[in-house]
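Presented below is the structure to which this report refers.
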Amino acid sequence: LQYNQATWKRLEPEVAAEASVALSVNGDMWLTFSCTPVDLEALAMGFLFNEGIIQSAEEVVSARVCAEGTHLDVWLTHAAAKPAHWRRTSGCAGGVTSMQPAAAIQSHPGEGCITPIQLLDNMEQLLSSQVLYHQARGIHCAAMSDGQGVRVTAEDIGRHNTLDKLAGLLLLKAETFQPRVLLAGDA
């Protein structure tokens, strides 16, 4: 029930979808994601990119989701060793990484400066672009901007998954703009 201006209204909102989706690389089972079951190919490719397993989409021969949506099968142009140890990154089900936290951070001081007004405008674009959030709430989002406007967005129940999906979407779409700002919004 929603109360607004002295009136009760019955709502029938959607529930944010969550699924367990297994990832195999070159035929070997690697891990299981707890995720929103959209943009799954992007999730797989972005995860492999963010983990340093691939550097470009050209290294991926095939990335496909099984008919039931419970398994991502990725084949690469090269061998890829499954990391020996996974580190939980966040949350209840949480994401995992094999990277050391400091190794994943790159800084480019003085590059890509944008004005506070541009940043606020980009954030407004990100928040207004959230389709799943507006349907069900409880969804996180991330976006990449060229500083002038949001170019690519991703949504998921997991913050970590939004970053992997974002990287994967950038790889799949072969975006050629100069990324300057990474934006993230909370559910």
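Computed from heavy atoms alone, side chains included, the values below leave out hydrogens, waters and symmetry copies. Each residue takes its place number in the sequence, starting with 1.
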Let me have the donor-acceptor pairs involving side chains of residues 116-126, under 3.5 Å, with sequence neighbours excluded, atom names and distances please.
{"residue": "Gln118", "atom": "OE1", "partner": "Thr115", "partner atom": "N", "Å": "2.8"}
{"residue": "Gln118", "atom": "OE1", "partner": "Thr115", "partner atom": "OG1", "Å": "3.3"}
{"residue": "Asp121", "atom": "OD2", "partner": "Gln125", "partner atom": "NE2", "Å": "2.9"}
{"residue": "Asn122", "atom": "OD1", "partner": "Ser145", "partner atom": "OG", "Å": "2.3"}
{"residue": "Asn122", "atom": "ND2", "partner": "Gln118", "partner atom": "O", "Å": "3.1"}
{"residue": "Gln125", "atom": "OE1", "partner": "Val150", "partner atom": "N", "Å": "2.9"}

Given side chains that start at C-beta, do those of [X] and [Y] come closer than 4.5 Å, heavy atoms only?
| X | Y | value |
| --- | --- | --- |
| Phe49 | Asp164 | no |
| Val65 | Glu41 | yes |
| Val74 | Leu76 | yes |
| Leu182 | Met144 | yes |
| Glu155 | Thr36 | no |
| Phe47 | Leu72 | no |
| Asp39 | Asp156 | no |

Per the salt bridge (charged side-chain N to carboxylate O under 4.0 Å, His left out) rule, what does the pair list look like for residues 69-81, sequence neighbours excluded? Arg64-Asp73
Answer yes or no: is there a donor N or O on one side and an acceptor on the other, between the side chain of [X] and the main chain of [Y], under 3.5 Å?
| X | Y | value |
| --- | --- | --- |
| Asn26 | His78 | yes |
| Thr7 | Gln5 | yes |
| Lys165 | Val38 | yes |
| Thr32 | Val21 | no |

Could you check whether Arg151 pairs with Asp146 (Lys NZ or Arg NE/NH1/NH2 to Asp/Glu carboxylate O, under 4.0 Å)? yes
Supply the members, apart from Val61, of the Ile/Leu/Val/Met/Phe/Trp/Tyr cluster built from side-chain contacts under 4.5 Å; use none for a lone residue. Trp75
